There are 2 protein chains.
Amino acid sequence: MRNGRITMGDVARAAGVSPMTVSNAYRYPERVQDATRRRILEVAADLGYVPNLAAGSLAAGQSRVIGGAIPSMRNSSFYRYILGMQHAVAEAGYKLVLMLAEGIEQERQAVQTLVGLRVEGIVLVGNEHHSDTASLLSKTATPVVESWALEDAMDMCVGYDTAEATRAMVRLHASHGRRRIALIVYEGAVSRRFKMRIPAYEQQMRALGLTPDLVQHVQETDGFGAGPRALDALLQRAPDLDAVICPTDIIAAGAVFECGRRGIDVPGRIAVSGWGDYEIASEMTPGLTTIQPNAWEIGEAAIRMIVQRQRGRPPAEPATDTGFDILRRASA
Amino acid sequence: MRNGRITMGDVARAAGVSPMTVSNAYRYPERVQDATRRRILEVAADLGYVPNLAAGSLAAGQSRVIGGAIPSMRNSSFYRYILGMQHAVAEAGYKLVLMLAEGIEQERQAVQTLVGLRVEGIVLVGNEHHSDTASLLSKTATPVVESWALEDAMDMCVGYDTAEATRAMVRLHASHGRRRIALIVYEGAVSRRFKMRIPAYEQQMRALGLTPDLVQHVQETDGFGAGPRALDALLQRAPDLDAVICPTDIIAAGAVFECGRRGIDVPGRIAVSGWGDYEIASEMTPGLTTIQPNAWEIGEAAIRMIVQRQRGRPPAEPATDTGFDILRRASA
DNA sequence: TTTCCGGGTTCCACGGAAACG
DNA sequence: CCGTTTCCGTGGAACCCGGAA
């Protein structure tokens with residue numbers, strides 16, 4: 001008990017058993033008599049003992065921990081995603097530790113730490129990473145799931161087809177007679193995740209005989225404020241604009257609020273659609289028509305893929321498509 | 001290199017030095033010649049080696065990791081809080097790992113895991129915890145900061161005076177001639193954090209000669225939807241309601257949207273104030289008057305308190321008040 | 001129950017090179 | 001000029017806590 005830390009040996013001594021019995025009491029409860037086990041746990045609680053996961057993982061070669069590097073925790077869609085992961089780890093008897101990773105450099109550091117912790121698997125978001133990240137993960141043979149993406153996976157991935165979602169949204173607007181349909185995308189650190197929407201937009205617009213000339217970029221860091229700015233830019237480029245496909249519900253909400261200030265009727269003059277089914281989408285007026293991405297399922301599937309891999313199951317599908325829905329509300 | 005894992009010894013062999021030199025190259029770069037060190041790191045990168053933090057923390061008795069048990073990641077106020085923590089850990093050369101802890105039972109498990117990981121400090125939210133959590137932390141002598149709270153701390157705490165903020169908001173409404181001022185509070189898992197606003201409301205109302213009879217409870221899990229419900233309940237109780245103090249901007253936004261639907265003028269007939277300065281507060285119309293809690297500073301201070309404790313500094317103040325501001329916008 | 005082992009760190013001893021008398 | 005002191009980079013041994021046989 002030097003340096004004040006309680007060890008398994010201390011617990012063993014206090015409970016009058018051998019250290020091995022204490023270890024068994026935790027890892028293989030059925031190997032230890034009920035009464036003995038209860039006494040051990042009681043003594044441990046008394047002493048404030050918690051098994052040292054570091055020592056355990058070192059000795060056993062497994063940590064029962066899965067790590068996630070999450071780029072942003074600012075919206076409710078990601079929140080549902082994290083809840084899905086949490087559900088799946090609890091079910092499998094694992095623990096989930098999260099690290100904040102804004103941008104590929106922070107992600108690289110987070111992955112480095114998680115690998116250092118010898119987690120049994122890592123969940124990333126998107127498929128845009130630092131080159132070191134990929135090489136480190138492959139060299140250490142750490143199971144990785146790239147979530148919210150279905151292409152170019154280094155290992156496994158789970159998400160939905162954003163190109164198809166883009167096309168579906170274009171078709172929805174067109175089916176309501178809209179012809180001057182704009183697409184807003186983010187630029188900056190997360191650009192790649194959004195850029196693939198552009199060719200899908202162009203292709204679908206052309207297929208419908210429309211001109212795909214209204215692609216507008218906004219900064220990802222701008223939050224709500226980007227909505228008004230993007231709308232302003234689009235209206236200057238195309239006063240006859242009649243539909244806007246936004247990259248998130250946040251942008252869409254900002255755009256709708258701006259329309260309110262300018263006296264532009266939504267959806268009368270301009271239809272606005274969001275993306276992500278954030279909480280605000282159902283609560284504001286008009287309600288936002290949006291893409292609903294099954295965030296919870298993405299999180300759950302990401303964890304399950306790692307757990308299955310660890311259990312030696314046939315690597316299953318390396319890619320899981322969780323699909324999406326279009327939620328129709330008043331804004332489009 | 002059995003079981004495919006690269007160890008420090010493997011790197012040492014490949015670089016033609018002893019394992020000790022590799023260890024030094026990572027932990028005390030200045031002890032190793034520049035050329036040697038560069039060669040070692042190069043070989044390590046080549047092999048995909050990352051020092052095993054578990055082994056390191058076991059041997060060194062310190063992990064350079066701080067853990068956070070976060071109850072919710074669904075709003076932008078918490079997001080800024082996490083960014084503040086991230087900033088402070090980076091500055092101090094620590095790592096931050098987060099675990100989701102919705103409610104005191106999940107928090108207990110998260111704390112158990114973090115203690116098992118032998119993190120050097122733990123950040124919690126609020127001062128409402130499972131009794132096991134407190135006893136475990138005190139018995140293991142793990143530094144703890146309870147953030148977003150200034151009272152009843154088990155160890156250290158950082159936050160602002162919510163009672164004073166409540167009183168200030170009551171005074172603001174009253175100074176605009178409002179007399180039928182309502183207070184909405186959450187009930188459920190986080191209730192304690194909000195309940196202390198009630199006596200502050202009552203006290204300030206009485207001091208102003210007003211009747212503090214309009215306290216309304218809502219479920220914390222309801223998100224935006226709780227706003228309309230609470231407003232409805234209040235209007236039934238008091239048709240002459242003229243001001244509402246909401247527990248979050250989300251509730252406030254929901255209430256304002258509901259007023260819009262009902263044709264109630266905000267702030268003409270009813271003034272609405274929020275709490276937390278979420279992104280939506282500045283972007284919606286009317287903009288929300290709200291309490292701005294310095295979320296970033298709370299996160300930063302929480303980490304700094306732990307780091308200072310670890311560095312053996314005089315325990316500084318056990319409580320840090322980060323203050324708050326009232327942001328005046330159009331809604332009140 | 002005992003013993004050994006996992007991967008790394010602390011502490012200290014060692015040895016070569018530069019600086020000094 | 002050579003022997004000695006000092007400095008600094010490097011390596012050896014014991015040990016951290018818990019798991020498996």
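Numbered from 1 within each chain, the chains take letters A, B, ... in sequence-line order. Remember, predicted model here, so these are calculated numbers, not experimental data.
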- Item | Side-chain ion pair, A:E91 and A:R304, N-O less than 4.0 Å | yes
- Query: Rounded to whole angstrom units, what separation is found between the CE atom of A:M20 and the C1' atom of D:dG18?
  - Reply: 8 Å
- Think B:T21 has a side-chain N or O under 4.0 angstrom from the OP1 or OP2 of D:dG11? yes
- Item | Interatomic distance where CG belongs to A:N24 and C1' belongs to D:dG19 [whole Å] | 9 Å
- Query: How would you label the contact of B:T36 with the nucleic acid (heavy atoms, under 4.0 Å): base, sugar-phosphate, or nothing?
  - Reply: sugar-phosphate
- Message: It should be established whether A:R118 places a side-chain nitrogen or oxygen under 4.0 Å from OP1 or OP2 of nucleotide C:dG6.
- Response: no
- Query: Which of parallel (below 30°), tilted (30 to 60°) and perpendicular (above 60°) describes B:W148 and B:Y160?
  - Reply: perpendicular
- Check the distance between D:dG11's C1' and B:R31's CZ and give it to me in whole angstrom. 13 Å
- Measure from CD1 on B:I6 to C1' on C:dG8 and round the result to the nearest Å. 16 Å
- Message: To the nearest 0.5 Å, what is the distance between OG on B:S147 and CD on B:E297?
- Response: 13.5 Å
- Here the pair of heavy atoms bringing A:L96 nearest to A:G67 is CD1-C, 4.5 Å
- Which base, if any, makes a Watson-Crick or G-U wobble pair with C:dT1, both distances under 3.5 Å? none
- Query: Is any side-chain N or O of B:T7 closer than 4.0 Å to OP1 or OP2 of C:dG7?
  - Reply: no
- Integer-rounded Å distance: D:dC16 P and A:L58 CG: 14 Å
- Message: Measure CE/A:M8 against P/D:dC15 and give the value in whole Å, please.
- Response: 21 Å
- Starting from P on C:dT1, measure out to CZ on A:R13 and report it in whole angstrom. 13 Å
- Check every strand shown and say whether B:Y26 touches a base, only sugar-phosphate, or nothing at a heavy-atom separation below 4.0 Å. nothing
- Query: Which part of the nucleic acid does B:E30 contact within heavy-atom distance under 4.0 Å: base, sugar-phosphate only, or nothing?
  - Reply: sugar-phosphate
- Query: Which is true for A:V22 with a 4.0 Å heavy-atom rule: it touches a base, it touches only sugar-phosphate, or it touches nothing?
  - Reply: nothing
- Message: Under 4.0 Å from OP1 or OP2 of D:dG9: is there any side-chain N or O of B:Y28 that close?
- Response: no
- Quick one: is D:dT10 close enough that its OP1 or OP2 comes under 4.0 Å of any side-chain N or O from B:S18? no
- Message: Expressed as a whole number of angstroms, how long is the span from A:N52:CG to D:dG19:P?
- Response: 9 Å
- Message: Looking at A:E105 and A:R108, is any side-chain nitrogen of the basic one under 4.0 Å from a carboxylate oxygen of the acidic one?
- Response: yes
